[in-house]
Amino acid sequence: MGAAAGHGRAGPLGAQRMRHGLRLARRALLLAALVPGLPAAADPNPLHPDPEVPPRGPARAAGALIWVHAYYTEGAPPGPPPFLAPLTLGDAGWDLWRLDRAPRQDPLLAGAEALVAGTAALRRLGYRQVAVVGESRGAFIAAMALRRPGLADALLLIAPAAHGTRPERRAQALADWRAALAAMAPDAVRRAGLVLFAQDPYDPDPPARAAAFAAAMRTHGVPALLLDRPVAPIGHGGARDPEFALRFGACLAALLTGAGEVACVTDAAPR
């Protein structure tokens with residue numbers, strides 16, 4: 001589940017199909033531009049470049065940053081939160097790729113397998129580093145992808161959610177979270193981070209989820225960042241608050257790029 005909504009309402013069926021066809025064509029053209037000799041009709045990668053960020057290509061980019069968005073019901077898939085902009089638009093020079101899924105059709109395991117296939121495809125293209133950032137349902141999908149070795153150099157999970165807000169679903173939500181982490185492959189990632197927000201109605205048990213994440217990373221010797229319910233911002237969509245970028249953008253960038261200490265200085269929110 002996720003709090004992110006689409007950007008506008010879907011049009012008639014014919015218009016939707018036309019837009020979908022244009023997106024597929026644009027994806028193939030971008031892939032062909034990135035890889036000389038790749039036919040324009042080929043699309044071997046379930047990921048596609050973000051249309052708002054001109055790709056530099058594997059030879060010029062510092063790495064590939066994969067955005068795994070939240071659940072949505074109509075319109076365009078949710079875009080990445082503001083704190084990622086300096087990595088993709090600034091001097092850091094990371095190409096921005098997306099794992100977009102259809103509205104209302106977002107199975108977790110299928111998404112996880114598509115993400116694994118996508119990161120492997122980016123490796124084959126020649127990217128030096130691959131980092132994955134998931135929010136809400138996208139974060140839960142990314143956590144499930146940890147079962148595959150060699151997933152990414154870095155993984156950042158933001159407010160993972162996949163079970164809604166009903167109290168009777170909390171036990172299953174926590175059990176599925178623990179199961180995803182228990183299935184983690186020893187060499188799935190080199191560094192990882194988890195962001196939890198205070199007053200998140202989708203979080204069944206923040207302390208238990210934080211503990212399960214920390215234990216899994218400790219078991220596999222993965223340097224881990226845990227940003228556990230800072231004072232601000234709060235709520236499920238806290239990563240989209242401009243204050244989040246100001247307070248935590250630099251330390252999260254260090255995690256994703258491997259360019260600094262895996263730590264964020266913050267005051268915890270009242271428990």
Side-chain angles (χ1 to χ4, degrees), residues 1-5 50 65-72 77-88 94 96-101 106 108 111-112 115 130-146 151-165 173 176-177 180-181 189 191-206 209-210 212-214 216-217 222 224-257 262-264 266 268-269:
M1 302 300 296
D50 189 294
L65 180 64
I66 302 168
W67 167 239
V68 191
H69 61 70
Y71 176 86
Y72 71 112
F83 80 90
L84 293 178
L87 289 178
T88 59
W94 286 65
L96 180 59
W97 292 73
R98 299 177 61 108
L99 178 65
D100 285 339
R101 294 94 59 204
D106 201 4
L108 295 172
L115 177 59
V130 176
V132 176
V133 179
E135 181 184 24
S136 191
R137 191 174 184 89
F140 214 101
I141 286 172
M144 293 184 67
L146 284 167
L151 173 65
D153 294 284
L155 174 67
L156 178 60
L157 308 174
I158 303 172
H163 297 77
T165 61
D176 289 349
W177 171 252
L181 292 170
V189 292
R191 52 193 182 273
L194 172 64
V195 179
L196 303 177
F197 292 107
Q199 300 182 35
D200 181 353
Y202 291 92
D203 195 328
D205 189 330
R209 293 214 302 175
F213 171 81
M217 298 306 141
V222 175
L225 178 154
L226 176 59
L227 185 52
D228 187 7
R229 292 168 287 169
V231 171
I234 63 173
H236 189 62
R240 298 183 173 276
D241 191 311
E243 184 177 1
F244 184 82
L246 290 174
R247 297 190 67 194
F248 307 116
C251 66
L252 294 178
L255 167 74
L256 293 170
T257 63
V262 182
C264 284
T266 179

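Since the model is a prediction, treat every value here as computed from it, not as a measurement.
Residues W67 and P78 share a closest heavy-atom pair of NE1-O, 3.0 Å. Residues V231 and I234 share a closest heavy-atom pair of O-CG2, 3.4 Å. Nearest heavy-atom pair, A239 versus I158, reported as atom, atom and distance to 0.1 Å: CB-CG2, 3.7 Å. Here the shortest heavy-atom pairing between P233 and F248 reads CD-CE1, 4.5 Å. Residue V222 comes nearest to A192 through the heavy atom pair CG1-N, 3.9 Å, listed as atom of the first residue, atom of the second, then distance. Here the shortest heavy-atom pairing between W94 and L256 reads CH2-O, 3.9 Å.
In this structure, R191 does not pair ionically with D153, as no charged nitrogen and carboxylate oxygen lie closer than 4.0 Å.
Side chain of R101 to main chain of Y71: no donor-acceptor pair is present (N/O by atom type, distance under 3.5 Å, no hydrogens or angles).
By the 30° and 60° cut-offs, the orientation of the rings of F244 relative to F83 is perpendicular.
Between the CD1 atom of I141 and the OG atom of S136 there is a distance of 9.5 Å, given to the nearest 0.5 Å. Atoms NE2 and CZ, from H69 and R98 in turn, are 6.0 Å apart once rounded to the nearest 0.5 Å. Separation of atoms CZ (R229) and CG (D203) is listed at 7.5 Å; rounding is to 0.5 Å. In this structure, CG in L96 is found 9.5 Å from CD1 in I66, a value given to the nearest 0.5 Å.
Within the 4.5 Å cutoff, side-chain heavy atoms of L115 are placed close to those of V132. By the 4.5 Å heavy-atom criterion applied to side chains, Y202 and T165 are counted as neighbours. Side-chain contact between D176 and L108 is absent, with no heavy atoms from C-beta onward closer than 4.5 Å. Residues D50 and W97 are not in side-chain contact: their nearest non-hydrogen atoms beyond the backbone lie 4.5 Å or more apart. No side-chain heavy atom of V133 sits under 4.5 Å from any side-chain heavy atom of V68. At a threshold of 4.5 Å between non-hydrogen side-chain atoms, the residues T257 and L87 count as touching. For the pair P204 and W177, the minimum side-chain heavy-atom distance is 4.5 Å or more. With a 4.5 Å cut-off on side-chain heavy atoms, P160 and R209 count as touching.
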- Task: Please assess L146 against L151 for the test side chain to side chain contact (heavy atoms under 4.5 Å, CB included), listing each intermediate value before the final yes or no.
- Result: CA-CA 7 Å; L146 284 167; L151 173 65; 4.2 Å; yes

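Note: F140 and H163 meet the aromatic proximity criterion, with ring centroids under 6.0 Å apart.
Within a 6.0 Å sphere centred on CD of Q199, other residues, nucleotides and ligands contribute 12 heavy atoms or fewer.
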